[in-house]
Amino acid sequence: MAHSSRSTEVPMSHQTDSPYVRTQQYTRGAGRLLQQPSVPMQAEWSLPHLDPVNSATHIFPEGEFVPHGFFQKVSPEWFVPEAELKEWKYSMRREAQKILPFLYLGQYASVKDRHWLKSQGFTLLLAIRDEKFPHICGKNAAGELGIDAATFGIPYIQDFVSIGPQVIRTINDHISSPHTPVSNEWPHKKVFVFCETGNGYSGLALVAYLMVMLNLKLHHALAAVHMQRLSVEADESSRQMLASLESIVIAKRNVEEAKRAAMKGTSLMVPTQTICKKRSFTQRDEDEAMEDIMDMAADEGAASERKPVAPFQDR
């Protein structure tokens, strides 16, 4: 009896003379590549060494991403990402994952579980949703539990570039607000960030938060979120938007770093007669830098790290 050629077929990426190697785990089925339901974490997703989060490492003007006096009210240990590498399973999409000790990410359905919200000790329910879904919010649940709620509706993916910093400031305003614990466990302030699925704007918001607060590059911040919630969607348009936001964050950091360096290297006070109502050189440089960044953002789709990962690559 003749045997089917399919039973002895060697996948192209496993052939020694093949010009391609696989970059993802996959299984064959119905003539297409299927992602396995259980995906182990990849070794290259390990995070770089992280400096403690404090006023010295947060190189942004005080009052922009954090309120005044923020670092006197929080501790560096609040900003240590979850390091445990989990094997992701499809069912975990319905659960919430801890990204930082005080910061959780999940889906809107979890807000309906009042017992779970109370047991976790959340003090802020933060909805970051597509503007087309006005019912996605935590106002009713927060009212019942006596905690805070906030909602950001985003019309289009590009609008997140301007809304993202407001989201970051909202989280930081809350965790540094007066101490009103709902439990005796640390941390006393806990934020649950969600959207309809927990994989859209809410996940992107936490990528942005980690970029700013932990000084992570985009691919490291995305990896830190994916290590805990692999289902977060990061398609081409999302990556381009985050790349634009990253460029703006880097520009702001560079300007602030130059200001601090200039202050340390100057021992003389600026004469009062030189002060005028015209914009300063620093402000002008900052504006020009921001304009350059926005121009560059339009061409960033070509950057390899912002493209979806292909199942194969050249040897």
Side-chain angles (χ1 to χ4, degrees), residues 44-67 70-71 74 76 78-83 97-105 126 128 152 154 157-175 191 193 195 199-230 232-257 289-290 293-294 296-297 300-301 303-307:
E44 59 268 27
W45 282 7
S46 59
L47 300 180
H49 169 75
L50 298 175
D51 294 324
V53 175
N54 52 45
S55 59
T57 59
H58 185 80
I59 311 177
F60 299 98
E62 189 177 31
E64 181 154 7
F65 292 111
V66 302
F70 178 80
F71 294 104
V74 301
W78 294 23
F79 299 93
V80 178
E82 286 292 292
Q97 281 76 39
K98 184 196 302 183
I99 308 301
L100 292 175
F102 64 89
L103 200 56
Y104 285 65
L105 173 63
L126 180 56
I128 306 168
F152 288 89
I154 301 175
I157 185 69
Q158 299 88 346
D159 295 315
F160 189 89
V161 174
S162 60
I163 295 174
Q166 301 175 46
V167 173
I168 295 170
R169 179 61 190 266
T170 296
I171 293 174
N172 289 334
D173 281 347
H174 179 77
I175 64 173
V191 183
V193 183
C195 58
N199 305 320
Y201 286 129
S202 59
L204 301 181
L206 294 198
V207 172
Y209 187 86
L210 296 182
M211 280 198 296
V212 169
M213 298 305 298
L214 273 60
N215 292 328
L216 289 177
K217 294 182 179 179
L218 169 56
H219 63 280
H220 283 138
L222 188 57
V225 172
H226 273 160
M227 285 166 64
Q228 305 307 319
R229 189 172 180 84
L230 185 62
V232 169
E233 299 163 1
D235 57 14
E236 180 66 14
S237 60
S238 298
R239 285 174 180 264
Q240 288 187 14
M241 178 278 295
L242 287 171
S244 298
L245 180 59
E246 179 186 36
S247 298
I248 294 172
V249 167
I250 291 173
K252 288 179 177 290
R253 187 182 291 130
N254 289 343
V255 170
E256 178 64 17
E257 197 167 38
M290 295 298 288
I293 290 301
M294 295 306 291
M296 292 165 53
E300 283 172 344
S304 59
E305 72 176 22
R306 294 159 194 148
K307 291 183 178 179

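Contact check for Tyr201 versus Ile157: side-chain heavy atoms found under the 4.5 Å cut-off. A 4.5 Å side-chain heavy-atom check between Val193 and Val167 finds every atom pair outside the cut-off.
Distance check, rounded to the nearest 0.5 Å: CD of Glu246 to CG of Leu222 gives 10.5 Å. To the nearest 0.5 Å, atoms CG (Leu245) and CD1 (Ile168) are separated by 6.5 Å. Between the CG atom of Asn172 and the OH atom of Tyr209 there is a distance of 3.5 Å, given to the nearest 0.5 Å. Here NE2 of His219 is found 10.5 Å from CZ of Arg239. Values are rounded to the nearest 0.5 Å. Interatomic distance, Phe152 CZ to Ile163 CD1, rounded to the nearest 0.5 Å: 8.0 Å. Atoms CG and CG, from Leu103 and Leu126 in turn, are 8.5 Å apart once rounded to the nearest 0.5 Å.
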Exercise for the section: Carefully, step by step, assess Leu216 and Leu50 under the rule side-chain contact (heavy atoms from CB on, under 4.5 Å). Expected result: CA-CA 8 Å; Leu216 289 177; Leu50 298 175; 3.4 Å; yes

Exercise for the section: May I have the step-by-step check of side-chain contact (heavy atoms from CB on, under 4.5 Å) for His174 and Val191, ending in yes or no? Expected result: CA-CA 8 Å; His174 179 77; Val191 183; 3.9 Å; yes

Exercise for the section: In sequence, state the C-alpha distance, the side-chain angles, and the governing distance for Val225 and Leu105, and then conclude on side-chain contact (heavy atoms from CB on, under 4.5 Å). Expected result: CA-CA 9 Å; Val225 172; Leu105 173 63; 4.1 Å; yes

Practice task
Given side-chain contact (heavy atoms from CB on, under 4.5 Å), test Met213 with Leu100 step by step and report yes or no.
Solution key: CA-CA 11 Å; Met213 298 305 298; Leu100 292 175; over 6 Å; no

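Heavy-atom minimum distance, Arg229 versus Gln97: NH1-OE1, 2.6 Å. In this structure, Gly63 and Arg169 approach most closely via the heavy-atom pair O-NH1, 2.6 Å. Residues Phe160 and Ala208 share a closest heavy-atom pair of CE2-CB, 4.1 Å. Across every non-hydrogen atom of Glu256 and Pro61, the tightest pair is OE1-CG, 3.5 Å. Of all heavy-atom pairs between Leu204 and Met241, the closest is CD1-CE, 3.9 Å. Annotation for Leu214 and Pro81: closest pair CD2-CG, 3.5 Å, computed over non-hydrogen atoms.
No hydrogens or angles considered: a donor-acceptor pair under 3.5 Å links the side chains of Asp235 and Ser238.
Although no hydrogens or angles enter the test, the distance criterion places a donor-acceptor pair under 3.5 Å between the side chain of Thr57 and the main chain of Pro52. Remark: side-chain polar atoms of Arg253 are not paired, donor with acceptor, to backbone N or O of Ile59 under 3.5 angstrom. Judged by distance alone, with hydrogens and angles left aside, the side-chain atoms of His58 form no donor-acceptor pair with the main-chain N or O of Val53 at under 3.5 Å.
Under the 30°/60° scheme for interplanar angles, the aromatic rings of Phe60 and Phe65 are found to stand perpendicular.
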